[in-house]
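Accompanying notes for the structure given below.
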Protein chains: 2
Amino acid sequence: MTKKRTERATIANVAKAAGVSTATAGRVLGGYGYSSEEIRNRVQDAAKTLGYRPNRLARGLITGQTQTIGVVAADIGSPYYASAMRGIADVARTAGFGAIITNSDENLQLEREAVELLLEKQVDGIIVSPADPENSAHLQAAIEAGCPVVQLDRIAYPLQADSVTVDNRGAAKDAVARLLRSGHTRIAVVGELETSPFGDLAEFIDTAGRVRLDPQTLYPSWQRLLGYLEAHWEAQVPVLPGLIGRVGKYSAESARSCVRQLMLADAPPSAIFASDGVMATGTVQALRDQEARIPQDVSLVCFDDLEWMQFFGPGITAVAQPVRELGSMAASLLLERIGGDTSPRRHTVLSAQLVERGSISERLGVPTD
Amino acid sequence: MTKKRTERATIANVAKAAGVSTATAGRVLGGYGYSSEEIRNRVQDAAKTLGYRPNRLARGLITGQTQTIGVVAADIGSPYYASAMRGIADVARTAGFGAIITNSDENLQLEREAVELLLEKQVDGIIVSPADPENSAHLQAAIEAGCPVVQLDRIAYPLQADSVTVDNRGAAKDAVARLLRSGHTRIAVVGELETSPFGDLAEFIDTAGRVRLDPQTLYPSWQRLLGYLEAHWEAQVPVLPGLIGRVGKYSAESARSCVRQLMLADAPPSAIFASDGVMATGTVQALRDQEARIPQDVSLVCFDDLEWMQFFGPGITAVAQPVRELGSMAASLLLERIGGDTSPRRHTVLSAQLVERGSISERLGVPTD
DNA sequence: CTGAAAGCGCTTACAG
DNA sequence: CTGAAAGCGCTTACAG
């Protein structure tokens with residue numbers, strides 16, 4: 001049952017009950033002006049007995065601040081964004097902010113609609129993983145309308161906005177360099193690598209070899225490939241295009257058949273660098289396929305979320321991404337912007353760290369026999 | 001740069017530009033009243049050139065509806081709630097609603113604060129996984145204040161509210177019955193099983209054997225244990241308390257040492273029923289510990305999220321929970337309540353289904369990014 | 001330190 | 001079908 005209009009615990013009613021003006025009651029309850037102790041007590045008592053609860057909508061309408069941040073994730077269903085959201089939500093809560101979450105599904109149109117909804121809800125700022133590296137006019141418009149934007153995990157390069165990302169190139173380079181140092185010369189890479197930034201794969205390799213590419217203009221799996229290439233070049237080990245597995249889809253099943261092909265070729269790799277957890281899953285599945293008579297003595301290195309390291313058995317070398325921290329840093333940065341920080345744009349790059357847990361045969365339960 | 005007051009694209013300014021009253025402009029833009037086609041065009045044109053964007057705060061203040069639902073998850077960082085959130089967000093988006101997410105961390109006090117924040121933000125309804133099975137007065141108060149509540153995954157039994165849960169007892173019973181039928185008589189169970197609902201474990205088993213317990217009054221891991229017990233009783237296979245592994249903590253590491261003990265006992269089990277994915281991970285880790293000389297020929301059945309089945313190699317029997325659907329059903333139900341549905345309370349119980357993928361040795365870890 | 005008045009941007013009766 | 005007025009619950013100048 002909703003209470004009768006007059007009974008509702010509004011500032012006006014609390015003021016009436018306490019025998020003061022609404023302005024005074026507002027100052028006490030909102031905590032924004034002067035008030036004598038006696039008045040303060042009277043108002044607070046009245047508020048308590050009436051069960052007063054501030055209406056943040058009304059406050060937001062007047063102050064222009066809703067204490068809410070909007071998040072546009074690519075897929076909240078994935079553990080990656082779940083970890084990031086955890087970081088975001090923790091920071092938001094501490095600051096007394098709420099977080100509205102929406103999903104773009106990597107779809108530009110859905111992203112536009114999500115941003116529009118968030119702006120209509122008057123969020124104070126937006127954290128987004130841009131669905132499209134090039135089309136970000138709607139995000140730019142949000143910024144110009146006074147709503148700061150922080151990019152998470154990925155960057156739309158035309159966009160003039162802060163970002164918090166992981167050093168995918170650097171971490172991939174370290175990991176692959178490590179494999180090279182221990183003597184591997186045939187290292188495969190298994191990655192999503194869907195649309196090439198320039199022409200085909202050969203052209204990408206060629207360009208990367210001539211120009212110093214800015215990893216920030218690339219999407220994660222291409223950044224990791226770039227690190228793979230650079231490690232080879234520095235070690236002066238030839239890059240073998242046949243060992244570059246472009247899965248083309250973000251699916252373990254596709255990775256599996258891709259690895260199967262790689263391993264059944266004439267000269268299979270002695271190590272595999274899996275570009276992320278999904279690719280690693282497919283890789284392990286392929287390696288374990290008994291019928292295919294695939295050689296099993298392969299070293300595996302894979303990218304994964306730091307949060308999930310606890311689920312690894314001993315025996316895998318992983319590149320741990322601090323995803324939760326990615327979220328909390330993005331949220332902290334956004335809150336600073338909302339607070340009026342107008343310092344120059346910031347591109348925070350978190351480094352991933354190598355975590356060694358052993359060799360592939362111990363990965364997630366392959367029995368060594 | 002914020003625009004000057006007078007330039008801001010409000011209904012009043014659009015009205016002025018179109019040469020109509022604010023009431024008329026409001027009717028056109030808000031889509032809630034009559035308007036002639038000519039006026040409609042004039043207003044819409046003016047809105048477009050001014051870049052009008054409705055302010056949902058103002059609308060909400062007046063209508064008493066914010067088109068926002070609040071979610072209090074136990075841990076959005078976990079894949080479980082990530083899947084559920086995905087279901088919730090999809091339904092919300094389709095209905096034009098936003099979703100504010102908060103985290104209780106299984107902590108009653110944080111849950112109370114989260115609910116308070118959501119109410120101050122005037123959400124139209126709340127989806128919650130109650131942190132405490134008994135203390136739900138704050139949730140009851142929300143309902144009485146006119147904010148419908150739907151419980152997800154778990155139930156606080158004193159609470160008079162809808163719920164959407166999984167039939168943990170039934171699925172566990174089916175899975176264990178299957179193991180019993182194939183001849184296993186020494187089946188271990190590995191579960192969180194933190195605080196017993198009645199006294200100690202022996203008392204729980206005793207009570208469950210005498211009274212027909214309502215699984216809805218139990219927390220998930222105890223519901224699964226109940227199914228385990230019932231399967232034994234129906235098959236007339238004695239329950240061996242020594243095979244019931246109470247991990248006590250929701251951690252793979254603890255599950256690991258628990259399983260280690262079980263397996264190193266004089267008469268180890270021939271099959272293990274892992275109560276969830278985390279317990280299964282610890283189980284696999286324990287079974288793979290070479291030094292401990294643990295027997296490896298153990299059948300493993302585990303509960304997991306349907307979304308993750310794609311990451312399983314062939315060879316594990318899993319009980320797949322439709323977690324995303326859990327979320328979307330909770331959201332749909334909540335939207336009906338918000339829409340004014342006053343039909344009797346509903347307790348929707350989704351059934352989990354057995355999915356066979358093979359044996360333990362193929363169990364994979366948790367994938368990410 | 002307190003109060004009367006105006007106003008945030010919208011919607012809702014109520015006349016016309 | 002359209003408009004003038006009031007009001008949602010709060011905060012913000014401005015007097016006193």
Side-chain angles (χ1 to χ4, degrees), chain A residues 2-44 46-47 50-67 119-122 124 145-146, chain B residues 2-44 46-47 50-67 119-122 124 145-146:
Chain A
T2 339
K3 293 183 183 173
K4 281 211 320 256
R5 272 267 166 279
T6 49
E7 289 181 36
R8 298 191 59 189
T10 66
I11 283 214
N13 287 330
V14 170
K16 206 170 295 170
V20 299
S21 71
T22 68
T24 300
R27 275 188 283 263
V28 174
L29 266 14
Y32 49 80
Y34 304 96
S35 49
S36 66
E37 197 180 328
E38 198 235 314
I39 291 268
R40 218 177 303 144
N41 290 332
R42 263 193 8 234
V43 171
Q44 275 159 354
L50 288 185
Y52 173 75
R53 169 155 41 223
N55 181 332
R56 295 201 183 216
L57 246 49
R59 178 181 302 180
L61 189 55
I62 249 172
T63 61
Q65 300 249 180
T66 52
Q67 308 223 85
L119 291 175
E120 291 184 4
K121 286 190 179 297
Q122 315 293 122
D124 296 332
Chain B
T2 340
K3 293 182 185 174
K4 284 211 318 257
R5 272 267 165 277
T6 49
E7 290 181 37
R8 298 192 58 189
T10 65
I11 283 214
N13 286 332
V14 170
K16 205 170 297 171
V20 298
S21 71
T22 68
T24 301
R27 274 188 284 261
V28 174
L29 266 14
Y32 49 79
Y34 304 95
S35 49
S36 66
E37 197 179 327
E38 196 235 315
I39 291 268
R40 218 177 302 144
N41 289 334
R42 272 208 341 251
V43 172
Q44 274 159 353
L50 289 186
Y52 172 74
R53 169 155 41 223
N55 182 331
R56 293 200 185 219
L57 246 49
R59 181 182 300 180
L61 189 56
I62 250 172
T63 61
Q65 300 251 177
T66 52
Q67 308 221 85
L119 291 175
E120 291 184 3
K121 285 191 178 296
Q122 314 293 121
D124 296 331

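Side chains included, hydrogens not; waters and symmetry mates left out as well; all remaining heavy atoms used. Chain A is the first sequence line, chain B the second, and so forth, proteins listed ahead of strands; every chain is numbered from 1.
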Would you kindly give the [atom1]-to-[atom2] distance between [X] and [N], to the nearest whole Å?
X        : N       : atom1 : atom2 : value
Arg53(B) : dC10(C) : CZ    : C1'   : 16 Å
Tyr32(B) : dC14(C) : OH    : P     : 16 Å
Arg56(B) : dC10(C) : CZ    : C1'   : 13 Å
Leu61(B) : dA6(D)  : CG    : P     : 18 Å
Asn55(A) : dC8(C)  : CG    : C1'   : 13 Å
Leu29(B) : dC10(C) : CG    : P     : 8 Å
Ile11(B) : dG7(C)  : CD1   : P     : 18 Å
Gln65(A) : dT11(D) : CD    : P     : 13 Å

Nearest heavy-atom neighbours spanning Leu50(B) and Ala9(B)
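Closest heavy-atom pair between Leu50(B) and Ala9(B): O-CB, 3.4 Å.
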Minimal non-hydrogen separation, Val28(A) against Arg40(A), with atom names
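Taking Val28(A) first and Arg40(A) second, the nearest heavy atoms are CG1-CG, 3.7 Å.
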Residues in side-chain contact (heavy atoms from CB on, under 4.5 Å) contact with [X], at least two apart in sequence or another chain:
X         : result
Thr22(B)  : Ile11(B), Ala12(B), Ala15(B)
Glu120(B) : Arg53(A), Pro54(A), Arg56(A), Glu116(B)
Arg27(B)  : Ala23(B), Thr24(B), Tyr32(B)

Tell me every residue that passes salt bridge (Lys or Arg N to Asp or Glu O under 4.0 Å) with Glu38(B), counting only those two or more places apart in sequence or in another chain.
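For Glu38(B), the residues satisfying salt bridge (Lys or Arg N to Asp or Glu O under 4.0 Å) (neighbours in sequence not counted) are Arg42(B).
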Consider the side chain of Ile62(B), meaning its heavy atoms from C-beta on, and name the nucleotide among dC8(C), dT11(C), dT11(D) that approaches it most closely.
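Among dC8(C), dT11(C), dT11(D), the one nearest the side chain of Ile62(B) is dT11(C).
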Given that both pair distances must be under 3.5 Å and the pair must be Watson-Crick or G-U, what runs of three or more consecutive pairs involve DNA chain D?
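Listed by first number, the stems are C:1-3 with D:14-16, C:5-12 with D:5-12, C:14-16 with D:1-3.
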Are Arg59(A) and dG9(D) close enough that a side-chain N or O sits under 4.0 Å from OP1 or OP2?
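Indeed not, no polar side-chain atom of Arg59(A) lies that close.
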Side-chain N or O of Tyr52(A) less than 4.0 angstrom from OP1 or OP2 on dC10(D)?
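Looking at the OP1 and OP2 atoms of dC10(D), one of them is under 4.0 Å from a side-chain N or O of Tyr52(A).
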Tabulate protein N/O versus nucleotide N/O from nucleotides 1-5 of chain C, keeping only pairs under 3.5 Å, one per line.
unit_1: dT2(C); atom_1: OP1; unit_2: Ser36(A); atom_2: OG; d: 2.7
unit_1: dT2(C); atom_1: OP2; unit_2: Ser36(A); atom_2: N; d: 2.9
unit_1: dG3(C); atom_1: OP2; unit_2: Ser21(A); atom_2: N; d: 3.1
unit_1: dG3(C); atom_1: OP2; unit_2: Ser21(A); atom_2: OG; d: 3.3
unit_1: dG3(C); atom_1: OP2; unit_2: Thr24(A); atom_2: OG1; d: 2.6
unit_1: dG3(C); atom_1: N7; unit_2: Arg27(A); atom_2: NH2; d: 2.6
unit_1: dG3(C); atom_1: O6; unit_2: Arg27(A); atom_2: NH1; d: 3.1

Do Lys121(A) and Thr66(A) have side chains that approach each other closer than 4.5 Å (heavy atoms only, starting at C-beta)?
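When only atoms from C-beta onward are counted, Thr66(A) and Lys121(A) do not touch, as no gap falls below 4.5 Å.
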Is there side-chain contact between Leu61(A) and Asn55(B), with at least one heavy-atom pair below 4.5 Å?
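The answer is yes, as the side chains (C-beta and beyond) meet within the 4.5 Å cut-off.
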Do Asp124(A) side-chain atoms and Gln67(A) backbone N/O form a donor-acceptor pair below 3.5 Å?
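Yes, Asp124(A) side chain to Gln67(A) backbone: donor-acceptor pair under 3.5 Å.
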